[in-house]
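First up is the structure itself, then whatever we jot down about it.
Keep in mind that what you see is a predicted model, and the values were worked out from it rather than measured. Below, chain A is the first sequence line, B the second, and so on; all start at residue 1.
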Number of protein chains: 2
Amino acid sequence: MSNISPPRKRRKEARPSELSAAALDLFVEKGFAATRLEDVAQRAGVSKGTLYLYFDSKEALFKSVIEDGVVPVLVEGEEIASRHEGSAFELLEKLLANWWAGIGETSFAGIPKLMTAESRNFPELAQFYYENVIRRGRAQVASALERGIASGEFRKLDIETTIDVVIAPILMLVIWRYSMACCQGTQVDPQQYMAVHLTLLREGLKRTQV
Amino acid sequence: MSNISPPRKRRKEARPSELSAAALDLFVEKGFAATRLEDVAQRAGVSKGTLYLYFDSKEALFKSVIEDGVVPVLVEGEEIASRHEGSAFELLEKLLANWWAGIGETSFAGIPKLMTAESRNFPELAQFYYENVIRRGRAQVASALERGIASGEFRKLDIETTIDVVIAPILMLVIWRYSMACCQGTQVDPQQYMAVHLTLLREGLKRTQV
DNA sequence: TAACTTAATGACTGATTGGTCATTAAGTTA
DNA sequence: TAACTTAATGACCAATCAGTCATTAAGTTA
């Protein structure tokens, strides 16, 4: 098969998301500066000029990729937290499972690695991401921890620090997949990983009976 | 004070490490592609041509920054593991503390973030880092977990997965510091963070008494 | 079906930066 | 102290790539 590009086709409605998806893939893999717009265009099946019909600049494309992303998953988590009636640990479990299903197993999964890599280069975008993604996710975990401590289900721990320790393995799981996982012979099984994490949490968080 | 550069000074012996230190700072902050050699030279107090007296290329400089780094800390950990006589949990605690003191509180602390960001762009270097840093660190944690499970101190868990979950918060702590921490109003206290992590681990790893 | 609108193209321009090297200046040697 | 060696310099060159725009081609309209 030759490398003849497909004939031109107008797709005004679909283009933005096609371009964003292509850009996300390459930004996640290579980082912002090392990604060439020629490659993004090729990945999307268009020419480079087409990118500038829909995005003002490379940076505008990058920002849209981050901004049009994971917020709906956070909204779902907020709903789960607001109507939960079981134990605090069950809530925590549901929140982490929802986060995993909505981000960890979707095309958004590369965003944590991308934000990790680029936050110092794009502080305003990092701020946006922090306010709209990280802070909201933390608040959900906080609500589960607060409930558990209040009811005596969980031991007393500093909540802000415990959120960090609870979330870290989940973040690391997706970040790892898009960075160092290529060097590892085996693949991490997310179900098993989550099971171990939850097991350690369940026992670790329990308030010690006197 | 004017911007007159300091007079030229020959420092053949000290130059390589000075250049590497300057490069590490900027590579960690901006990533490989977004770092300009002009800036590295300026940070080191030299001109750009000086970089090429000691390093063949930008990529050679980058590789040296990773390769001449954290391996001695891994050696120390291996020694700690080989001569430990207390409980398995005490071993684990010592290993994590040693890792923190040797990496987390030194100028090498940025390397995990840098490798996270650049591993897909430099797969051979990522392989080197995996073999010489990550694998060895994991082996140390594995030795503590194996001891604990064998002696009945710890519950039975899949060791490879548990290593991931044990290490993730430590990695995330340093990665976070060099990426998203700028957006967070408060700073994470590493001592408290480690204390919470170890508390959750101590209880989470315990084998349940029947 | 011709005239028109508009999405797409990719050659081109200008800015940027890695890498080079003729020159300069700091030390060393005789 | 002059001759020599060598570490350092920064202007320069060539390659690269973001962004532009005249042109082309896909649809739409009258």
Original post:
Are A:Leu92 and A:Val166 close enough that some pair of their side-chain heavy atoms sits under 4.5 Å apart?
Top reply: yes
Original post:
Hey, are B:Arg138 and B:Glu160 close enough for a salt bridge, meaning a charged N less than 4.0 Å from a carboxylate O?
Top reply: yes
Subject >> Ion pair A:Arg136/A:Glu131, N-O distance below 4.0 Å >> reply: no
Taking only N and O in the side chain of [X], is any of them less than 4.0 Å away from OP1 or OP2 of [N]?
X	N	result
B:Ser47	D:dA8	no
B:Arg11	D:dA8	no
A:Tyr52	D:dT20	no
A:Arg8	D:dA26	no

**OP:** Look at the side chain of A:His84 and the backbone N and O of A:Gly86, then say whether any donor-acceptor pair between them is shorter than 3.5 Å.
**Re:** yes
**OP:** Give a yes or no on whether the backbone of A:Gly104 and the side-chain of A:Arg177 come within a donor-acceptor separation of less than 3.5 Å.
**Re:** yes
Original post:
Are A:Val28 and A:Leu24 close enough, and set up right, to give a side chain to side chain contact (heavy atoms under 4.5 Å, CB included), and what steps lead you there?
Top reply: CA-CA 6 Å; A:Val28 167; A:Leu24 176 60; 3.6 Å; yes
Between [atom2] on [N] and [atom1] on [X], what's the gap in Å once rounded to a whole number?
X	N	atom1	atom2	value
A:Lys30	D:dA18	NZ	P	12 Å
B:Leu19	D:dA7	CG	C1'	12 Å
B:Glu18	D:dA8	CD	C1'	13 Å
A:Phe32	D:dC17	CZ	P	13 Å
A:Phe62	D:dG19	CZ	P	14 Å
A:Asp39	C:dG10	CG	P	15 Å
A:Glu38	C:dC12	CD	C1'	13 Å
A:Leu37	D:dT16	CG	P	16 Å

Subject >> Side-chain donor/acceptor of A:Lys58 to base of D:dG19, under 3.5 Å >> reply: no
Original post:
Does the C:dA26 base have a donor-acceptor partner in the side chain of B:Lys9 within less than 3.5 Å?
Top reply: no
Original post:
A:Val46 or B:Lys48: which one's nearest nucleotide on DNA chain C is closer to the 5' end?
Top reply: A:Val46
Subject >> Charged tip of A:Lys63 within 45° of A:Phe122 ring normal and under 6.0 Å >> reply: no
**OP:** May I ask you to say what B:Leu53 touches in the nucleic acid, namely base, sugar-phosphate or nothing, with a heavy-atom cut-off under 4.0 Å?
**Re:** base
**OP:** Scan A:Tyr54 against the nucleic acid and name what it touches under 4.0 Å (heavy atoms): base, sugar-phosphate only, or nothing.
**Re:** sugar-phosphate
Original post:
When rounded to the nearest 0.5 angstrom, what distance separates CE in B:Met180 from OG1 in A:Thr116?
Top reply: 7.5 Å
**OP:** Measure the spacing between CG of B:Leu198 and CD of B:Glu203 and express it to the nearest 0.5 Å.
**Re:** 11.5 Å
Original post:
What pattern of brackets, bars and dots sums up DNA chain D from 5' to 3', given Watson-Crick or G-U wobble pairs under 3.5 Å, [ ] for crossing pairs and | for another strand?
Top reply: ||||||||||||||||||||||||||||||
Original post:
Between A:Asp56 and B:Leu51, which has a closest nucleotide on DNA chain D that is more 5'?
Top reply: B:Leu51
Contact list (N/O, under 3.5 angstrom) for nucleotides 2-6 of chain D vs protein:
from, atom 1, to, atom 2, distance (Å)
D:dT6, O2, B:Arg10, NH2, 2.1

Original post:
Is the closest side-chain donor-acceptor distance between B:Trp99 and B:Gln140 under 3.5 Å?
Top reply: no
